[in-house]
Amino acid sequence: MNPERIVLGRFTLEHRRIEVYQLAGGPTTAVRLRRITPEPAVDLGYINRIGSPFARLHLYRAEWPAALRRTARDKATAIWHHAARHEAEVDG
């Protein structure tokens, strides 16, 4: 049985539309990133210890330059912070 995905929000990074989500019952200091467009949808990676100075984006396959990784991490962190404050999905 797959745990439920709780979508926190989405953002655009270059040509990609990325969804930020957590797994129901999972740690609240971790988020996962999933590219939803262009299709097919694919899991990109995760950020553990989000909101701390030790947060780092771990990618499964993509080799992104440092600036792109930083942008993705910052956008996902902003969505996580907003969702933690407002418990609502963010579309940025």
Side-chain angles (χ1 to χ4, degrees):
M1 183 170 144
N2 289 331
E4 177 187 358
R5 285 188 352 207
I6 301 166
V7 177
L8 303 178
R10 296 175 187 87
F11 65 92
T12 300
L13 187 65
E14 293 183 335
H15 64 281
R16 306 163 192 88
R17 190 74 177 145
I18 297 174
E19 184 174 84
V20 179
Y21 70 96
Q22 293 179 320
L23 296 177
T28 58
T29 57
V31 296
R32 295 171 185 253
L33 280 68
R34 179 176 180 85
R35 187 193 72 212
I36 53 177
T37 58
E39 291 187 352
V42 64
D43 286 323
L44 296 174
Y46 61 94
I47 303 173
N48 279 340
R49 297 187 281 185
I50 194 163
S52 83
F54 306 106
R56 182 169 167 249
L57 173 61
H58 300 271
L59 296 173
Y60 297 135
R61 298 181 213 41
E63 292 298 325
W64 292 351
L68 197 59
R69 293 173 70 93
R70 219 174 3 264
T71 300
R73 186 192 65 218
D74 292 349
K75 287 182 179 243
T77 299
I79 287 171
W80 175 81
H81 277 295
H82 185 275
R85 283 193 310 271
H86 302 287
E87 296 184 22
E89 188 173 308
V90 177
D91 196 3

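Annotation for Y60: atom OH counts as buried by contact number, over 12 foreign heavy atoms lying within 6.0 Å.
How far OG1 of T71 is from CZ of F11: 9.0 Å, rounded to the nearest 0.5 Å. Separating the CD1 atom in I79 from the OH atom in Y21 is a distance of 14.0 Å, to the nearest 0.5 Å. Atoms CZ and CH2, from R16 and W64 in turn, are 5.0 Å apart once rounded to the nearest 0.5 Å. To the nearest 0.5 angstrom, D43 atom CG is 8.0 Å from R61 atom CZ.
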**Request:** Starting from the C-alpha separation in whole Å, work towards a yes-or-no answer on side-chain contact (heavy atoms from CB on, under 4.5 Å) for K75 and I18.
**Result:** CA-CA 10 Å; K75 287 182 179 243; I18 297 174; over 6 Å; no
**Message:** Run the side-chain contact (heavy atoms from CB on, under 4.5 Å) test on L59 and R69 for me, step by step, so that the C-alpha distance in whole Å, both residues' side-chain angles and the decisive distance to 0.1 Å come before the verdict.
**Reply:** CA-CA 9 Å; L59 296 173; R69 293 173 70 93; 3.2 Å; yes
**Prompt:** Where do L44 and R34 land on the side-chain contact (heavy atoms from CB on, under 4.5 Å) test, with the steps shown first?
**Reply:** CA-CA 5 Å; L44 296 174; R34 179 176 180 85; 6.0 Å; no
**Prompt:** side-chain contact (heavy atoms from CB on, under 4.5 Å) between W80 and I47: does it pass, once the steps are laid out?
**Reply:** CA-CA 11 Å; W80 175 81; I47 303 173; over 6 Å; no
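A donor-acceptor pair is defined here as one N or O able to donate and one able to accept, closer than 3.5 Å; no such pair exists between the side chain of R32 and the backbone of E19. With hydrogens and angles ignored, the 3.5 Å screen pairs a side-chain donor or acceptor of R35 with a backbone N or O of P38.
Here the side chains of Q22 and P27 are not in contact, with every heavy-atom distance at 4.5 Å or above.
Note: the hydrophobic cluster containing V42 also contains L68 (ILVMFWY, side chain heavy atoms under 4.5 Å, direct or indirect links). Linking Ile, Leu, Val, Met, Phe, Trp and Tyr residues whenever their side-chain heavy atoms come within less than 4.5 Å places L13 and V20 in a single cluster.
Among L57, I50, I6, the single residue meeting the side chain to side chain contact (heavy atoms under 4.5 Å, CB included) criterion with V31 is I50.
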